[in-house]
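Just so it is clear, the structure is predicted and the values come from calculations on it, not from any experiment.
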Amino acid sequence: MASSSPKNLTTTNHLRHVESMASLPSGAGKISHLNAVILGEALASEENDFVFPSDDFSRQALIPSPHKYLEMYKRSIEDPAGFWSGIASSEFYWKQKWGDQVCSENLDVRKGDIKIEWFKGGITNICYNCLDRNIDAGLADKIALYWESNEPGFDAHLTYSQLLRRVCQLANYLKSIGVRKGDAVIVYLPMLMELPITMLACARIGAVHSVVFAGFSSESLAQRIVDCKPKVVITCNAVKRGPKTIHLKDIVDAALVESAKNGISIDVCLTYENQSALKKESTKWQEGRDVWWEDVVPKYPTTCDVEWVDAEDPLFLLYTSGSTGKPKGVLHTTGGYMVYTATTFKYAFDYKESDVYWCTADCGWITGHSYVTYGPMLNGATVVVYEGTPNYPDSGRCWDIVDKYKVTIFYTAPTLVRSLMRDGDEASCISNLVYTLKSPYVTRYSRKSLRVLGSVGEPINPSAWRWFFNVVGGSRCPISDTWWQTETGGFMITPLPGAWPQKPGSATFPFFGV
């Protein structure tokens, strides 16, 4: 969220095409020799350069036109303090408002420490905004999480009120073992409901969670333990990904031996028994250090006072390899991250209260932080969490889950899209005009609930974009092709569904403030 704008910046510089895309021209539908189709009316062939939103979709969209986007975008660039403080004040709870200065920055090492600050002096809590605020707004009985096991037929769900109770129990346990505001907690969990529960519990008491992808080696985990010196490591005994069992507790044990050699000893390893993967009796155990989650956490009270924090207090550490290969901890603070992730989620997916949202990313990555846990729940969304792999027991699993939970927003990576394209599906193009699509793993399922698709993690090539649009979305779902990174915490460049035409393979225009 840049807090100042270049002096020469005008929308005619880099957004000169936006206003020209407001509507299809009359006649043959060509725009300066470019072909276009309208959302829901035809498949996108290799000769179609643009997909225009339908009038019906645009009418219901949060940003219904290029003009609305430009109006908001201009204000976000010309008056970022006013733009973001307006959103922060109206859509989030603050125990105490920030001072006169909404944002400040120093990017010149000659003038002191590098810093970018938003809402400093404002007192809030992101867990409170995700859970308590939504419950107070009447969402207590709304489903917060649908959990789908690796094995078909096993599932669970939590309402917002049930989720809050589970979060408070873990938060109270963490406090009982001495975890305090500012302390680090290493989280090495697979995609169980206990993973977002742990993130929210840490945030509730002001602890700094550092989620490590449950699959990284013991050496990688040890590096992160040594660097952030956590009070506790939270893991589970094992996970099944497809037919394969991964013994996570064994990896943690090896990492704790390695970190102890480097002077960092961990007193508590809280371990969840993932019964579908491995029983307690088969789990290696170190008495005095290892504690079963199920033996202690459910005994704690289901209410827990919020630790109110400054907007610039740390929220989480997430390690990224960077250019040298050595892990570097990216630290995101609370206030600016909260406002930005919630706002990007809302507009980039055109979020509606009735939506059921599924992001296939793991919480071990930034996408899982911003667009599985925090962004959706700050908006009171219903989120699907899937433990397994997308091709188990076959390549129709994603669409089985979409139909089962009536998913409306599906956000995934181009790698997965290309994998599903190859895996038993055929797509051929006749005369570059009409697609003949035979995709049994997709078409055996309805997918009628889908409304918006999304892409993340790398550029999506035009052929994969068209397959995703034509086959998965039935040519009726816009694709939010998002560009961003761990360091930004939220989308930088993204289409806004309904606002302007989409071009296969293009992330289109900058988000507000960028």
Side-chain angles (χ1 to χ4, degrees), residues 39 43-46 48 51 146 148-153 155 190-191 213 215 240-244 349 356-362 364-365 367-368 371-372 383-429 435-482 495 497 502 504-507:
L39 191 71
L43 299 174
S45 76
E46 291 182 10
N48 296 131
V51 176
Y146 282 119
E148 175 78 4
S149 169
N150 179 71
E151 296 299 328
D155 53 45
M191 290 298 281
F213 173 65
K240 289 194 77 172
R241 290 203 175 100
K244 183 180 180 183
F349 296 119
V356 176
Y357 168 81
W358 180 23
C359 170
T360 64
D362 192 285
W365 314 115
T367 305
Y371 301 111
V372 172
V383 180
V384 175
V385 173
Y386 174 47
E387 177 189 28
T389 58
N391 58 355
Y392 180 79
D394 61 40
S395 294
R397 186 67 186 277
C398 284
W399 323 123
D400 178 52
I401 293 171
V402 165
D403 280 2
K404 179 176 178 177
Y405 298 107
K406 302 294 185 287
V407 172
T408 58
I409 303 172
F410 179 69
Y411 187 39
T412 193
T415 301
L416 175 59
V417 173
R418 287 190 290 269
S419 171
L420 295 175
M421 281 176 69
R422 290 191 301 267
D423 205 354
D425 292 346
E426 301 171 12
S428 60
C429 188
Y435 274 82
T436 301
L437 302 155
K438 298 178 182 178
S439 305
Y441 283 123
V442 182
T443 55
R444 75 169 66 150
Y445 299 98
S446 163
R447 310 169 331 280
K448 293 296 184 186
S449 60
L450 288 173
R451 192 177 68 81
V452 174
L453 303 174
S455 172
V456 60
E458 59 184 301
I460 183 167
N461 52 302
S463 62
W465 193 102
R466 291 187 184 93
W467 183 88
F468 199 25
F469 176 81
N470 288 329
V471 180
V472 175
S475 77
R476 68 183 188 281
C477 303
I479 299 174
S480 289
D481 176 9
T482 59
Q502 301 201 310
S506 172

Do [X] and [Y] come within less than 4.5 Å of each other through their side chains, counting heavy atoms only?
X: Val456; Y: Trp365; result: no
X: Ser449; Y: Val402; result: yes
X: Asn391; Y: Arg397; result: no
X: Asp155; Y: Lys404; result: yes
X: Phe469; Y: Ser475; result: yes
X: Gln502; Y: Trp465; result: yes

Judged by atom type as modelled, is there a donor-acceptor pair below 3.5 Å linking the side chain of [X] to the main-chain atoms of [Y]?
X: Asn470; Y: Ala44; value: yes
X: Asp400; Y: Gly396; value: no
X: Glu148; Y: Val384; value: no
X: Arg447; Y: Gly473; value: no

Nearest heavy-atom pair of [X] and [Y]: which atoms, and what distance?
X: Ser455; Y: Ile460; answer: OG-CB, 3.7 Å
X: Pro495; Y: Ser480; answer: O-OG, 3.9 Å
X: Thr412; Y: Phe468; answer: CG2-CZ, 3.9 Å
X: Pro152; Y: Pro393; answer: CG-CD, 3.6 Å
X: Pro459; Y: Arg418; answer: O-NH1, 4.1 Å
X: Leu453; Y: Cys477; answer: CG-CB, 3.9 Å

Side chain to side chain donor-acceptor pair (under 3.5 Å) with Tyr392: of Glu151, Lys244, Arg241, only one passes, and it is Glu151

Does either side chain, that of Tyr411 or that of Thr482, offer a donor lying less than 3.5 Å from an acceptor on the other one? yes

Check the pair Trp467, Leu420 against side chain to side chain contact (heavy atoms under 4.5 Å, CB included), reporting the backbone distance first and the verdict last. CA-CA 10 Å; Trp467 183 88; Leu420 295 175; 4.0 Å; yes

Margin query: Tell me which one of Ile409, Thr408, Asp403, Val407 satisfies side chain to side chain contact (heavy atoms under 4.5 Å, CB included) with Leu450.
Written below: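 The option that passes is Val407.
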
**Message:** Please verify the inter-ring angle class for Trp358 with Tyr386; under 30° counts as parallel, over 60° as perpendicular, anything in between as tilted.
**Reply:** perpendicular

Between the CG atom in Asp362 and the CE atom in Met191, the distance rounded to the nearest 0.5 Å is 5.5 Å

- Between Tyr441 and Trp399, does a ring pair (Phe, Tyr, Trp, His ring centres under 6.0 Å) hold up when you go through it step by step? CA-CA 8 Å; Tyr441 283 123; Trp399 323 123; over 10 Å; no

